[in-house]
Colleague: 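Below is a structure I'd like to ask you about.
Hydrogens, waters and symmetry mates are skipped; everything else that's a heavy atom, side chains included, is used. We name chains A, B, ... by the order of the sequence lines, and we start the count at 1 in each one. Everything numeric here is computed off the predicted structure, so don't read it as measured data.
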Amino acid sequence: MPELPEVETIVRGLKQTLPGRRILAVRLGKTDFIDDPVQLGELLPGCRIESVTRHGKFIAFALAPTAPAANSDAPVHLFVHLGMTGQLTVRLAADSAPPHTHVRFALDDGRELRYTDIRRFGRIQLVADSEVGAFRDRLGEDPLEISEAEFARRLGARHARVKALLLDQRTLRGIGNIYSDESLWRARIHPARRADLLTRDQLRTLRNAVRSVLQTAIRLRGSSISDYVDAEGNPGSFQLRHRAYQREGKPCARCKAQIRRTIVAGRSSYFCPVCQPPPRAQKRARQRNRGKKRRG
DNA sequence: AGCTCTTCCTGAAAGC
DNA sequence: TGCTTTCAGGAAGAGC
């Protein structure tokens, strides 16, 4: 599943070769995950790719029309979200494309940018220049850039479970199921703990854990669990460093207790029952509160 | 406010 | 062996 480190790796790869290239043609397969496929096909041919950037898990292409024949002279941004199984690769146009390749952007150097997505949980949309700000504002802070104080402010007052907040793209942008579990394991915090009941120390530790996990994962070019590959089609290797995610029954790397799996925020959540004690005190507090409500 | 459930989709793995 | 069922999950929306 592409999360921040995977998307960052892909973007770094695309930045090497795409800026300055012109899109000659667009070929579409299935289009049910594209906001406006007709507009995509009409607007993009003739556009030059100005830049490639990452916003959370989104990949943004800034496009500028070049030919006078272009259908519009307004710059536009193409936002791509890879969902679960999306891949963006640059290949020679003559090379055969894998199954489930649904979008092919022919480039002016004989190659093409391809979007492949088995499950089509990804999204592709065009965003007008004037709306890019609003689009980005819907996302929270980048977890690699957020300050300690801002991290504590964003999470520390919330009653929600800490894992739900890590996954919420409006709180922090870019973290998914793998890196939330890996960060919580490193910070020794149970995923179901309420964020507002964490200590200052725990919030600081968690922020640092998130940073170091993401930075290491970027260095190792992401985690390849099932479908992830970078822009050149190569897998990452951070999955070899996973300490919690998908390690149910395996020994904790710190204390040798068996990693357990539970459901938090509707997602499989892996944790060490010894290093990351479940929130018993919270449970008792909730039971007391329920009692009070019934009586009151 | 925050939780749970549902929907989208395919393929791998488990169950029979 | 071969079919059917289950599960995985990012995000959005509904309903409680």
Side-chain angles (χ1 to χ4, degrees), chain A residues 1-8 10 29-35 37 54-60 79-88 97-103 115-125 127 134-140 143 153-184 190-198 214 222-229 235 239 242 244-249 259 261-270 279 282-283 285-287 289-290 293:
Chain A
M1 296 124 259
E3 303 179 26
L4 189 151
E6 290 77 28
V7 178
E8 178 66 24
I10 291 166
K30 290 186 179 175
T31 58
D32 54 354
F33 60 98
I34 303 173
D35 257 20
R54 178 184 64 77
H55 300 281
K57 300 178 195 172
F58 288 90
I59 299 167
F79 278 84
V80 177
H81 193 297
L82 300 172
M84 308 256 330
T85 53
Q87 304 175 337
L88 266 181
H100 306 289
T101 298
H102 297 301
V103 187
Y115 181 78
T116 307
D117 190 349
I118 293 174
R119 297 186 198 172
R120 305 203 302 283
F121 272 24
R123 287 287 171 273
I124 294 183
Q125 53 192 309
V127 178
F135 186 93
R136 289 179 185 159
D137 286 346
R138 290 206 293 271
L139 298 173
R153 197 186 69 75
R154 287 222 169 213
L155 279 81
R158 303 283 299 275
H159 293 189
R161 296 161 182 222
V162 61
K163 171 149 176 173
L165 294 177
L166 290 178
L167 291 176
D168 182 353
Q169 303 300 300
R170 294 164 301 185
T171 305
L172 292 170
R173 59 176 197 255
I175 299 174
N177 209 27
I178 296 174
Y179 296 101
S180 61
D181 278 9
E182 292 300 313
S183 301
L184 288 164
H190 191 281
R193 293 209 101 97
R194 263 174 54 178
D196 61 334
L197 298 181
L198 297 176
L214 294 177
S223 303
S224 289
I225 299 290
S226 54
D227 301 272
Y228 163 71
V229 291
Q239 69 278 9
H242 288 180
Y245 184 74
Q246 283 189 352
R247 289 181 49 81
E248 184 178 19
I259 297 293
R261 186 180 87 101
T262 184
I263 302 291
V264 179
R267 314 242 168 267
S268 279
S269 300
Y270 301 87
Q282 274 180 35
K283 204 183 288 173
R286 278 200 299 276
Q287 279 160 3
N289 285 339
R290 271 201 291 273
K293 271 178 200 158

Colleague: Base, sugar-phosphate or nothing for A/S268? Non-hydrogen atoms, less than 4.0 Å.
Modeller: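 The answer is sugar-phosphate, as A/S268 gets under 4.0 Å only of primed atoms, P, OP1 or OP2.
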Colleague: Provide the closest heavy-atom pair for A/P2 versus A/G86 in the form atom of the first, atom of the second, distance.
Modeller: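 So the minimum-distance heavy-atom pair works out to CG-O, 4.1 Å.
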Colleague: Please work out which of the three classes, parallel, tilted or perpendicular, describes the rings of A/F58 and A/F79, given edges at 30° and 60°.
Modeller: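 A/F79 and A/F58: perpendicular rings.
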Colleague: Within the structure shown, what part of the strands sits under 4.0 Å from A/R261 by heavy-atom distance: base, sugar-phosphate, or nothing?
Modeller: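 The answer is sugar-phosphate, as A/R261 gets under 4.0 Å only of primed atoms, P, OP1 or OP2.
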Colleague: Quickly work out the A/R119 CZ to B/dC9 C1' distance and round it to whole Å.
Modeller: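 The distance from CZ of A/R119 to C1' of B/dC9 comes to 7 Å, rounded to the nearest Å.
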Colleague: At under 4.0 Å between heavy atoms, what does A/E3 touch on the DNA or RNA strands: base, sugar-phosphate, or nothing?
Modeller: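 The answer is nothing, as A/E3 stays clear of every strand by at least 4.0 Å.
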Colleague: Roughly how far apart are A/L167 CG and A/Y179 OH, rounded to 0.5 Å?
Modeller: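 It comes to 13.5 Å.
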Colleague: Checking contacts here: which listed nucleotide (B/dC3, B/dT10, C/dG10) is nearest the side-chain heavy atoms of A/H100?
Modeller: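 Nucleotide nearest to A/H100's side chain: B/dT10.
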Colleague: Taking the side chain of A/R158 as heavy atoms from C-beta outward, which of B/dC3, B/dG2, C/dG9 is closest to it?
Modeller: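 Looking only at side-chain atoms, A/R158 lies closest to B/dG2.
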Colleague: Without decimals, in angstroms, what is the distance between A/Q169 CD and C/dA12 C1'?
Modeller: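 In whole Å, C/dA12 C1' and A/Q169 CD are 12 Å from each other.
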Colleague: Starting the side chain at C-beta, find the nucleotide from B/dC3, B/dT10, B/dC8 nearest to A/F121.
Modeller: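 The nucleotide sitting nearest to the side chain is B/dC8.
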Colleague: Could you measure the distance from the CD atom of A/E182 to the CG atom of A/N177? Nearest 0.5 Å is fine.
Modeller: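 The CD atom of A/E182 sits 10.0 Å away from the CG atom of A/N177.
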Colleague: CD1 of A/I225 versus C1' of B/dT10: gap in Å, rounded?
Modeller: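 My rounded result for the distance is 18 Å.
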Colleague: So what does A/R267 hit on the nucleic acid, given a heavy-atom distance under 4.0 Å: a base, only sugar-phosphate, or nothing?
Modeller: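 Contact class for A/R267: base.
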Colleague: Once you apply a heavy-atom cut-off of 4.0 Å, does A/D117 come out as touching a base, just sugar-phosphate, or nothing?
Modeller: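 No contact.
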Colleague: Counting any heavy atom closer than 4.0 Å, what does A/M1 reach on the DNA or RNA strands: base, sugar-phosphate only, or nothing?
Modeller: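 Answer is sugar-phosphate: A/M1 comes under 4.0 Å of backbone atoms only.
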Colleague: What's the OH-C1' distance between A/Y228 and C/dG10, to the nearest Å?
Modeller: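 Nearest whole value for this atom pair: 17 Å.
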Colleague: Check every strand shown and say whether A/Y270 touches a base, only sugar-phosphate, or nothing at a heavy-atom separation below 4.0 Å.
Modeller: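 A/Y270: no heavy atom of the nucleic acid under 4.0 Å.
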